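We use all heavy atoms of the structure for the numbers below, so side chains are in, but hydrogens, waters and symmetry mates are not. Protein chains get the first letters and strands the later ones, always in sequence-line order, with residue 1 at the start of each. This structure is a prediction, so every number in the text was calculated from the model and none was measured.
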Protein chains: 2
Amino acid sequence: MDGSSNQRQEAVRAFESRCRAEGLALTPQRRLIFEAVLDSRDHPDADAVFEAVRGRLPGISRATVYRVLDALARIGVIDKALHAGATSRFDGNRAAHHHLVCVRCDLIIDIIDERLDALPRPDTRRLGFLIADGQVQFRGICAACRKREGGKSGGSSGKS
Amino acid sequence: MDGSSNQRQEAVRAFESRCRAEGLALTPQRRLIFEAVLDSRDHPDADAVFEAVRGRLPGISRATVYRVLDALARIGVIDKALHAGATSRFDGNRAAHHHLVCVRCDLIIDIIDERLDALPRPDTRRLGFLIADGQVQFRGICAACRKREGGKSGGSSGKS
DNA sequence: TTAAGTGCAAAAGCTTTGCGGGTAG
DNA sequence: CTACCCGCAAAGCTTTTGCACTTAA
């Protein structure tokens, strides 16, 4: 529990310096919301974060949670997870294919790459999860959004 | 345009037999909605499908589009695309990781598998898409949903 | 014939926005 | 001190649901 605690500290530090770099004030709300996402093992939606934070900051409002999550995702200290939830989009392509996903505008582009079709499958027997198929999603920024943002779209964090 | 036309015919055939197998009536609405998704190159949301179908079936209602898309996804003739849109879920995990995604309940489970961390990257220069990172999503059915569905969750289609 | 499907309209959720007061820097 | 940020409440969207009529099988 020490190594992971160190990791957590480091994540908090990164959050702070990133906020400073982007000119975002370090408010208690932002700290708590960031930590709530950091500490959750599942991939919470805004409402789950709201409930988690509420315990420690009873007066907080949903609007703040939405605004802060959006801001934190924009500066890159948290990610929006790719999922199939509520506002669904559909895909009639039956062939094996993969996706480019724009993190700014949610554009999805199909790509075909045979090298990605035979992915090694993790052992999920323990979890009871039955895998049907696998797909690769490359996240990044599409041509239109790069143009709109005027060039400064470099991967400063370089996660993968 | 012949090979792809054949492919389309085959997809339509598969749709029909799948409906019969599941006891879904082959209504004009279902045909048109399926074909609209099949023919779209992007990954349309419900409203885009509604607009597309509307041209050929002016009286159709949004409710029907939602219901049909849901039904078609459930019997597996179309997929719900994974994306980060409106109803977002967040991820504070900064380390490279991948996901198991339950197609029934949208549960997301993190998995670590080093074999998946160094994915070959497709050439996207032509598209102007700047890749930041890649992630693998394995779709399937989680333990809870398998139990709830009473065992009959075998991968009959075997897409990948 | 009959169970399933559809359209309509209303309801229910979730997310965003405007504004006045509060707070970090 | 000043600009940014928050809470509140209302508005805006998207998606779901109940009900009576229509239609596929």
Is it true that [X] and [Y] have a side-chain N and a carboxylate O under 4.0 angstrom from each other?
{"X": "B:D47", "Y": "B:R62", "result": "yes"}
{"X": "A:R54", "Y": "A:E51", "result": "yes"}
{"X": "B:D133", "Y": "B:R121", "result": "no"}
{"X": "A:R8", "Y": "A:D39", "result": "yes"}
{"X": "B:R31", "Y": "B:E35", "result": "no"}
{"X": "A:R139", "Y": "A:D79", "result": "yes"}

Take the protein atom [atom1] of [X] and the nucleotide atom [atom2] of [N], then report the distance between them rounded to whole Å.
{"X": "A:Y66", "N": "D:dT14", "atom1": "OH", "atom2": "C1'", "answer": "13 Å"}
{"X": "A:E16", "N": "C:dG25", "atom1": "CD", "atom2": "P", "answer": "10 Å"}
{"X": "B:L69", "N": "C:dT6", "atom1": "CG", "atom2": "C1'", "answer": "15 Å"}
{"X": "A:R31", "N": "D:dC6", "atom1": "CZ", "atom2": "C1'", "answer": "16 Å"}
{"X": "A:D106", "N": "D:dT14", "atom1": "CG", "atom2": "C1'", "answer": "15 Å"}
{"X": "B:R62", "N": "D:dT17", "atom1": "CZ", "atom2": "C1'", "answer": "16 Å"}
{"X": "B:K80", "N": "D:dT14", "atom1": "NZ", "atom2": "P", "answer": "17 Å"}
{"X": "A:D45", "N": "C:dT15", "atom1": "CG", "atom2": "P", "answer": "7 Å"}

Check this one for me: any side-chain N or O of [X] less than 4.0 Å away from OP1 or OP2 of [N]?
{"X": "A:R30", "N": "D:dC5", "result": "yes"}
{"X": "B:S61", "N": "C:dT6", "result": "no"}
{"X": "B:T27", "N": "C:dT6", "result": "yes"}
{"X": "B:Q29", "N": "D:dA24", "result": "no"}

Verdict with reasoning, B:R115 to A:L119, per side chain to side chain contact (heavy atoms under 4.5 Å, CB included): CA-CA 9 Å; B:R115 295 173 302 168; A:L119 299 167; over 6 Å; no
The helix from C:dT1-D:dA25 to C:dG25-D:dC1: angle between end helix axes, five pairs per end, rounded to 10 degrees: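 Roughly 50°, once rounded to the nearest ten degrees.
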Touch class at under 4.0 angstrom, heavy-atom based, for A:A63 against every strand present: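 Base: the residue A:A63, judged by heavy atoms under 4.0 Å, touches a nucleobase.
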5′-ward residue of the pair A:G23/B:D47 relative to DNA chain D: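 Looking at the nearest nucleotide for each, A:G23 comes out on the 5' side.
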Pair of N/O donor and acceptor under 3.5 Å linking C:dG25 base with A:R20 side chain: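 No such pair is found, so the answer is no.
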Among D:dA24, C:dT6, D:dC8, the nucleotide that comes nearest once only the side chain of B:A25 is considered: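 Looking only at heavy atoms from C-beta outward on B:A25, the closest nucleotide is D:dA24.
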Selection from D:dA24, D:dT15, D:dG18 that lies nearest to any side-chain heavy atom of B:A46: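 Given the options D:dA24, D:dT15, D:dG18, the side chain of B:A46 is closest to D:dT15.
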